[in-house]
There are 2 protein chains.
Amino acid sequence: MIDPRRDRALYRQLADLLRQQISEGELAPGAPLPSETTLAQTHGLARPAVRQAIALLRAEGLVTTSRGYGTRVREQVERKPLELPTGSSAVARMPSDAERIEHDLDDGVPVVEVQFADGSTAVYPGDRVRLTRP
Amino acid sequence: MIDPRRDRALYRQLADLLRQQISEGELAPGAPLPSETTLAQTHGLARPAVRQAIALLRAEGLVTTSRGYGTRVREQVERKPLELPTGSSAVARMPSDAERIEHDLDDGVPVVEVQFADGSTAVYPGDRVRLTRP
DNA sequence: CCGGATTTGTACGTATGTATT
DNA sequence: GAATACATACGTACAAATCCG
């Protein structure tokens, strides 16, 4: 229940609610969230507050939003094992705007940048790879 | 220059401008961005549009915002080498709300979750570690 | 294919609260 | 205490994408 007297922003309270429903499976992967208008009405909020809540979940990689379509719980894609070669290293970071477009990455999805022993680098979508060391 | 006739949202155009100034060093690490009010006036936008632009940059990990203080270009912290042990693997993802608070992570900073050979896992701040394989 | 309904995106204005300097 | 700066929240309006009959 969203309570204005609590010392937590209303949109954060709504995000907490939705996050809980997702983690408990009440909103399963692929399932649509109620529309922004519906969420606003059922929780007594204005639409901007609802949008802020959903923006939080998007940044966490929990949901995906498509214009004119709606917001859905993100489905986990399979991660390909990627062996980290001897003498190489890897860092995780958020993609640049260009990288997000190039790799068709959703909001809230980091990239993995591998630097090989020869100094060259490669960038991989963070939700599709798992670095391994056999 | 921000141009309403262009087919790109005004707040995205402003984000592009600021992103460029950051990448070119005109806004160096640690440097403060103009205040939201100033940016709004100088570019002829309303403050909500300016806030959207800055929110984009925050999500990309380019800037940090502190209430009552302002927004500054993020300074890169040193990354500690972390050897990926034999038989382990690692994934990159965005932190949960709790993890962000626990590790005191800025917006736009992913985490690295290592799964060890015995099945146990550990989570590291994505901006402070570099996975290595000697 | 078209049109209408639904849904999210963009943008403005306003007001008030709270943290930092 | 005052000034500055960001955070939260409401309301409104129109644009644009998608879906469905």
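If you're wondering where the values come from, they're calculated on a predicted model, not measured in any experiment. Naming: A, B, ... by sequence-line order, numbering from 1 per chain. Computation of the quantities below employed the complete heavy-atom set of this structure, encompassing side-chain atoms and omitting hydrogens, waters and symmetry-equivalent molecules.
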Item to check | Within residues 35-51 of chain A, residues whose heavy atoms come under 4.0 Å of DNA chain C | outcome: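 Per residue number, the list reads A:Ser35, A:Glu36, A:Arg47, A:Arg51.
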Checklist entry - Heavy atom of residues 95-103 of chain A under 4.0 Å from DNA chain C: which residues? => result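 None - not one residue of the stretch has a heavy atom sitting under 4.0 Å from the strand.
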Item to check | Sugar-phosphate only, base, or nothing, as touched by B:Arg12 at under 4.0 Å among non-hydrogen atoms | outcome: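 Sugar-phosphate only.
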Next on the checklist: Contact between B:His43 and B:Leu14 at the side-chain level, heavy atoms closer than 4.5 Å - yes or no?
Outcome noted: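 B:His43 reaches B:Leu14 side chain to side chain.
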Checklist entry - Are side-chain heavy atoms of B:Val114 and B:Leu84 found at a separation under 4.5 Å? => result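 Side chain of B:Val114 against side chain of B:Leu84, heavy atoms only: contact under 4.5 Å found.
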Rounded to whole angstrom units, what separation is found between the [atom1] atom of [X] and the [atom2] atom of [N]?
X: A:Leu14; N: D:dA9; atom1: CG; atom2: P; value: 11 Å
X: B:Gln13; N: C:dT10; atom1: CD; atom2: C1'; value: 12 Å
X: B:Leu57; N: D:dC6; atom1: CG; atom2: P; value: 13 Å
X: B:Asp7; N: C:dA11; atom1: CG; atom2: P; value: 11 Å
X: B:Arg67; N: D:dA3; atom1: CZ; atom2: C1'; value: 16 Å
X: A:Gln52; N: C:dT8; atom1: CD; atom2: P; value: 16 Å
X: A:Arg6; N: D:dA9; atom1: CZ; atom2: C1'; value: 17 Å
X: A:Ile54; N: C:dT7; atom1: CD1; atom2: P; value: 12 Å

Next on the checklist: Is it the case that atom CZ in B:Phe116 sees more than 12 heavy atoms from other parts of the structure closer than 6.0 Å?
Outcome noted: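 Atom CZ in B:Phe116 is crowded, with more than 12 foreign heavy atoms closer than 6.0 Å.
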Checklist entry - Does A:Glu24 CD have over 12 foreign heavy atoms under 6.0 Å away? => result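 Yes, the 6.0 Å shell around CD holds more than 12 heavy atoms from other groups.
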List the atom pairs, donor and acceptor, that lie under 3.5 Å between side-chain atoms in residues 124-131 of chain A and the rest of the protein, sequence neighbours left out.
residue  : atom : partner : partner atom : Å
A:Asp127 : OD2  : A:Arg74 : NH2          : 3.2
A:Arg130 : NH1  : B:Ser89 : OG           : 2.8

Next on the checklist: So, applying side-chain contact (heavy atoms from CB on, under 4.5 Å) with A:Leu39, which one of A:Leu17, A:Val50, A:Leu45 is it?
Outcome noted: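 Exactly one candidate clears the test, A:Val50.
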Checklist entry - Can you list the residues that meet the salt bridge (charged side-chain N to carboxylate O under 4.0 Å, His left out) rule with B:Glu36, with sequence neighbours excluded? => result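 Checked B:Glu36 against salt bridge (charged side-chain N to carboxylate O under 4.0 Å, His left out); matches are B:Arg47, B:Arg51.
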Checklist entry - Which residues pass the salt bridge (charged side-chain N to carboxylate O under 4.0 Å, His left out) test with A:Arg12, sequence neighbours left out? => result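 Listed in chain order: nothing, the list is empty.
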Next on the checklist: Between B:Arg8 and B:Asp16 (salt bridge meaning N to carboxylate O under 4.0 Å), is one present in this structure?
Outcome noted: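 A salt bridge is present here (some side-chain N lies under 4.0 Å from a carboxylate O).
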Checklist entry - Do A:Glu113 and A:Arg93 meet the salt-bridge criterion of a basic N to acidic O distance under 4.0 Å? => result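 So A:Arg93 pairs with A:Glu113 through a salt bridge.
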Next on the checklist: Counting only side-chain nitrogens and oxygens, does B:Tyr11 get under 4.0 Å of the OP1 or OP2 atom of C:dA11?
Outcome noted: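 Indeed not, no polar side-chain atom of B:Tyr11 lies that close.
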Within the sub-3.5 Å range, which N or O atoms of nucleotides 19-21 of chain D have a protein N or O partner, and how far apart are they?
none

Checklist entry - Do the side chains of A:Leu57 and B:Val109 join up, straight or via other hydrophobic residues, at under 4.5 Å, putting them in one cluster? => result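 Different clusters.
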Item to check | Earlier contact from the 5' end, DNA chain C, for A:Thr65 and B:Ser66 | outcome: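 It is A:Thr65 whose nearest nucleotide is closer to the 5' end.
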